[in-house]
Structures are given as structure tokens and as C-alpha cells.
*Asks:* 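Below are the C-alpha cells for one structure; questions will follow.
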There are 2 protein chains.
Amino acid sequence: METRELRYFVAVAEELHFGRAAERLGIAQPPLSRAIQQLERRLGVALLKRNSRAVTLTEAGSVLLREGRAALDAVDAADRRTRRAALAATGHPDLVLVTKAGASSELLPKLLDAYAAEPGAVTVDVLLCGPGEQERLLRDGRADVALLHRPFDSTAGFDTEELCTEGQVVVLPAGYHLTGRAHLRMADVTALPGLPMPRWPGADGAYPDGPGPEVRDHAQLLQLIALGRASAVLPESCRAHLRGDLAAVPVLDAPAVTTVIAWPPHSRSRALAGLVRAATRL
Amino acid sequence: METRELRYFVAVAEELHFGRAAERLGIAQPPLSRAIQQLERRLGVALLKRNSRAVTLTEAGSVLLREGRAALDAVDAADRRTRRAALAATGHPDLVLVTKAGASSELLPKLLDAYAAEPGAVTVDVLLCGPGEQERLLRDGRADVALLHRPFDSTAGFDTEELCTEGQVVVLPAGYHLTGRAHLRMADVTALPGLPMPRWPGADGAYPDGPGPEVRDHAQLLQLIALGRASAVLPESCRAHLRGDLAAVPVLDAPAVTTVIAWPPHSRSRALAGLVRAATRL
DNA sequence: TGGACCGATACCCGGGGGGTATCGCTGCCC
DNA sequence: GGGCAGCGATACCCCCCGGGTATCGGTCCA
């Protein structure tokens, strides 16, 4: 199976429409139809059901969509990491660390400083991204290492080391009536009148249904809370950087958040090993 | 980057010889040379150093070898799992479980029975393989789920659930003078006179240097022990199926062995979820 | 110094991937 | 109900590229 065929199939499977998929791929529709037919013939498997009005995936087709995406990510990763390795050889060694924007704001500078102080430390680029994007960046080679936060982020498929564990706090507008409490429980904060929990986009970029406002990132969330439109339960380390118009109260029975450093299991370079070592020594 | 190019490069990088690589690939040498040149041109990266007497990998080349193997495994997995999904649709649903031959001989039948008793259970094929091969089979789609044994097997890159933990015993010929002891320590058994620890093949199939005999599998190992040529430290569950000419003595300070069930993180089918559930309930 | 070895180059051929034009089917709507 | 719009499949053509053979150029060894 060639990556070209996989790319074609993934495009069609995502669009469920040959014309649009062909447009997205920058080719005409007939060669795309042929390529998919040929792929099905070579696999000996029906991947799509076409009834001239709608295209749908067969069972095997949805397996190939899942597995094919993973395979294409792996190929992209090979490409990107090879190019970067070559740049490194010409005097610019380089690691890319990715983390959620707004998270680990205390840990990250400490980690970078500790690593930079090591002998043989290389340049570390920091990439900040939205929630749920880190896994993808790590898989397709745009990043080499990530700070993830269990149980929110999935660490599936990566090697990890635990760095620290912390409790959670509920973040409220400064004037809200509960801000004087020493602590709260999840039952107190899940349905605050007028302060619904925000909705984050899922893996497909779509928002689940519900009462809360739609948010994309941390800054947006904090601003919504300050406006009295939402509340949120966040790791307690966020208190250190909280704006003056926000308040935080510990939530005793909220699940503990574990910060882990994660990397693709097969790409353990010397530089990455050094960074992980520095992280575990913090 | 096309999988054809990756396959070609991996062949050359493994053989470090264009002629042999071409033969292995079933093509002539000139097209192979051209394909590699083209790959290097497209990547803008030198992958190989040729000085007309020897071919060596550049830094970037060894990165591409590592990443390319992983990517090719992912593509193979997509192919195999798609074909199997199609077979399933025609009335033959199917899971392939792989484990080391000779290991988990108590747990495995219990697991298979427990799963078979579940509603909606599908056929589970069992694949027995040599040590260190499971990870590969899981990655390239020849298997869907594995029983691994920490700390011997690497669980890197897979989702896992712990099933059980056990101590280890040293396995000796029945008449050996230590067999009467109630327990031993690692220091007692690492250098038994005339009974060296065997050597297992590494990831590349080569054996490390050392005094012990070379072994490939469990049966071979037990036979060598019975012959008085070797000894081995194994999980205590192996006692249940020990031959009469062998004896086992607990080793108190040997590392505990944890049996885990492992699967590729992105391929969680309904059938796989059922098997994992059955396993964790044992 | 000549021959063996090995990768690169030159050149040719054929298949297949890509294009345009068009067909055939199916809902939909006036 | 017939025409039409939308969509995937088919027909047909071109030319690029992957594969082959023959040969070259450099290097090590006898």
C-alpha cells in the first residue's frame, strides 16, 4: 500500500464525497475514483458503499481510516524528524517541546533552566497548542516531547515519566459568593447558578451539546470567567498566575492532576534523554 | 514520501550495500540508486555516505531508518487490519492474541475461557512467538493484543492493563545440590558453577557475548537445564508445568514480574475492549 | 598494474497516474 | 412526470517515471 493511496482514501473517507476529496487533494475526480477502486481491488476489500447519492464507509473502511491516519502520521513524522536531524548536523541541534497553552506555567521554565544547565544541552523550542492537539503533534513529528496532564490528556502510545501531581481548584470571578470558602466539593461547583462549566472541542473539532460557553484556549476561558459567564476546575498551579479579577478555591474531591513528560517510544535521541533526565530530577 | 521509497531506503540502510539491497527488493541496482538519490533530493538531506568502497549512514539517515521502520510497520498494520476487518464482516470475527511461548501458561486458558463466556465474544486466535517478537507483531498488525511481562518486555507505545504480579524462581536440574533450599538470593544463582545463565538473542537477532548457551525459546531452555547445562530465573507460575527432571527454588530478591495485557492505542475495537475487560476481571 | 568490486550514469521501454469529455443513475422540483 | 442537477464511473489520451540493460569511473587488492 502506497502513502498516496492512503492519503486519497483518507480524504474520501473524511469527506464522504469524491468531488470534494479530489478538490482537497488537488487532483481531478476521475483519477481519484480509479485510485480508490484499485486500492479496494488490491486489498480485496470493499471500503466504501456508493449508492450514487451518498458515500458511506464499510466496517473495513472505518478500520482503514483509523489505521491509515496513524500510518500517515508515522510517515510524516519520519519525514519531519529526518529533515530536522539534518539541520542539526549543520550546527543547529534542536528539540521541540509542546504543551497546552496556559498549563505548566511554573514547571516549564524550571525544566528549561535545569536542562539548559546540563552539559551538552541543545536548543529547545517550545510550542504552545490548544487542548488535545499535543498527541497529534507528537505523533506526526512536529514535536519531540510533550508535557501532558493526566487524566485530561491521553498518554496512549507514548513513553512517559511522571513529574508531579497536584490537586485542583475551582476558578471563579473575584466577587462570587463562594470565593471566601476554604474549600469546596465537586457537587458544589458542577452546577453553579449562572456559571456553567465551559465546553471544549472534541477530537474532531466539534463542540458537545450543553449549557456552557464554547472555549478554545486558556486565555479565553479565564476571560469568560472574569466576565462572570463561566467557571472552571483547574490544577492548583494555575493560582500562581491568576489575574486579579479571579479567585480560586480548592476542590477536595476533584481528581488529582499528574503532569507527565511524554515522547514517542521509538525516537529516544541523546538530547531527548537529557531533557527527560533533567525533568525527572526536578 | 512514498512507502516504496521508505522500503528501498530501509533495505539499503540495513544492508549498507546497494547490490544486496536491490537483490533483496527484487529489482536491479541502478533504479535503487536513483530512488535513493531522488529521496535525498526531495528531503534535501544526505542520508548515506558512499565512498565507493563502503556505504555508511549519516546522522539523518539513522533517524530515517528508525522512523521509517516504524512508519512501514504502521502501514503494514493498516493493510493487515483492514483485510481482517473485511473477513470479520463476512461472518468470521477475529482477534489475534500473541504471547511468549511457554509464558502465562496458567493465565492464558483462564483468560480465554472467561472471555469466551462473555456475550458477543468472537474467535480469539493465539499466536506463540519467541521473546522480543511480540512488540513487532503488535505494531505491524499481525496481532491485536499481547500478554507482556514487565520488566522483560517493553510496553513502550502500547496501552496496557496490569493483570498480575508474581515473584521469580530459579529453575535447576532436579538433582542439583541447591534444590533442597527453601529460598535463595540473586547473588547465589548468578554464577552457579557449571550452570551459566543462558543468552537470549537481542532485537537484531544476534546473541551477546558470554559464557551461557544460546537459547531461542522456552522448551529449548528447559531442556538445557534438564541436561545440566544452564539455569534460569523465571516467574514462579512456571512451576505448575515443570517437568519431573527440573526443580525450582524461590529467589527472594529477584525483580517481581508483572503480566500486562497490551494493545496498540489507536485500535480499540469492541472485541478488543471485551477481551481487556475479561482480563482485568480475572 | 590489471582485475574485481561497487555505485553512478546513459539510455530505452512500458505501465500507470493524471487530465478532459462524457455517460448513467438518482433524487428533486417545477 | 419529465427535465435537470449532482455525483460517481467510464472512455480515452498523454507523458512521466519506475524499471530494465549496458557501461562508466573510482578504489582496493593481488
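In what follows, chains carry the letters A, B, and so on, assigned in the order in which the sequence lines appear, proteins first and then strands, with residues in each chain numbered from 1.
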*Asks:* Would you mind reading off the distance between L32(B) atom CG and dT9(C) atom P, rounded to a whole angstrom?
*Replies:*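 Checked: the CG to P distance equals 14 Å.
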*Asks:* Evaluate whether atom CZ of R229(A) has more than 12 neighbouring non-hydrogen atoms of other residues, nucleotides or ligands under 6.0 angstrom away.
*Replies:*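 Not buried by this count: 12 neighbours or fewer within 6.0 Å.
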*Asks:* Taking the side chain of P31(B) as its heavy atoms from C-beta onward, which of dG19(D), dG19(C), dT9(C) lies nearest to it?
*Replies:*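 So the side chain of P31(B) is nearest to dG19(D).
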*Asks:* Give a yes or no answer on whether the side chain of Q134(A) reaches the backbone of L147(A) with a donor-acceptor pair at less than 3.5 Å.
*Replies:*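 Checking the backbone N and O of L147(A) against the side chain of Q134(A), a donor-acceptor pair under 3.5 Å is found.
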*Asks:* Using atom CG of L25(A) as one end and atom P of dG17(C) as the other, report the distance to the nearest whole Å.
*Replies:*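 So the CG-P distance, L25(A) to dG17(C), works out to 15 Å.
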*Asks:* Among the nucleotides dC7(D), dA8(C), dA11(D), which one has an atom lying closest to any side-chain atom of P30(A)?
*Replies:*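 So the nucleotide nearest the side chain must be dA11(D).
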*Asks:* Using heavy atoms to find the nearest nucleotide of DNA chain C for Q29(A) and R4(A) separately, return the residue whose nucleotide is more 5′.
*Replies:*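 Its nearest nucleotide being more 5', the pick is R4(A).
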*Asks:* Just to be sure I understand the rule, does E2(B) reach a base, reach only the sugar-phosphate, or reach nothing, if contact means heavy atoms closer than 4.0 Å?
*Replies:*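 No contact.
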*Asks:* Just wondering, are more than 12 heavy atoms of other shown residues or ligands nearer than 6.0 Å to CD in E23(B)?
*Replies:*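 It does not: E23(B) CD has 12 such atoms or fewer within range.
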*Asks:* Where each residue is assigned the nucleotide of DNA chain C containing its nearest heavy atom, which of S33(B) and Y8(A) is assigned the position nearer the 5′ end?
*Replies:*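 Looking at DNA chain C, the more 5' nearest nucleotide goes with S33(B).
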*Asks:* Nearest whole Å is fine: how far is dG19(D) P from E23(B) CD?
*Replies:*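 Result: 17 Å.
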*Asks:* Rounded to the nearest angstrom, tell me the gap between atom CD1 in I36(B) and atom P in dC6(C).
*Replies:*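 Computing the I36(B):CD1 to dC6(C):P distance gives 17 Å.
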*Asks:* Whole angstroms only, please: what is the CZ-C1' distance between R41(B) and dT9(C)?
*Replies:*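 Interatomic distance, CZ of R41(B) to C1' of dT9(C): 13 Å.
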*Asks:* May I ask you to verify if any side-chain N or O of Q37(B) is less than 4.0 angstrom from the OP1 or OP2 atom of dT9(C)?
*Replies:*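 Q37(B) to dT9(C) OP1/OP2: side-chain N or O found under 4.0 Å.
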*Asks:* Taking the side chain of A28(A) as heavy atoms from C-beta outward, which of dT20(C), dG19(D), dG8(D) is closest to it?
*Replies:*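 Shortest atom-to-atom distance from the side chain points to dT20(C).
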*Asks:* What is the distance, rounded to the nearest whole Å, between atom CZ of F18(B) and atom P of dT27(D)?
*Replies:*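 Distance, rounded to whole Å: 16 Å.
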*Asks:* dA8(C), OP1 or OP2 - any side-chain N/O from R50(B) closer than 4.0 Å?
*Replies:*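 Answer yes for this pair, as a side-chain N or O of R50(B) is under 4.0 Å from OP1 or OP2.
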*Asks:* Atom CD1 of I27(A) and atom P of dG16(C): how far apart are they, to the nearest Å?
*Replies:*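 Whole-Å distance recorded here is 17 Å.
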*Asks:* If only atom types and distance count, is the side chain of T160(A) paired as donor or acceptor with the main-chain N or O of V260(A) below 3.5 Å?
*Replies:*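 No; judged by distance alone, with no hydrogens or angles, the pair does not exist.
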*Asks:* Write down the distance between CG (L39(A)) and P (dG8(D)), rounded to a whole number of angstrom.
*Replies:*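 Roughly 17 Å, once rounded to whole Å.
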*Asks:* Taking N and O atoms by type only, does the side chain of R34(A) place a donor or acceptor under 3.5 Å from a partner on the base of dG16(C)?
*Replies:*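 Looking at the base of dG16(C), it does not pair with any donor or acceptor on the side chain of R34(A) (distance under 3.5 Å).
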*Asks:* Is Q38(B) close enough to dC17(D) that one of its side-chain N or O atoms is under 4.0 Å from OP1 or OP2 there?
*Replies:*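 Answer no for this pair, as no side-chain N or O of Q38(B) is under 4.0 Å from OP1 or OP2.
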*Asks:* Within the distance-only criterion (no hydrogens, no angle test), does the side chain of E2(B) pair as donor or acceptor with the backbone N or O of T3(A) below 3.5 angstrom?
*Replies:*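 Pair found, side chain donor or acceptor close to backbone of T3(A).
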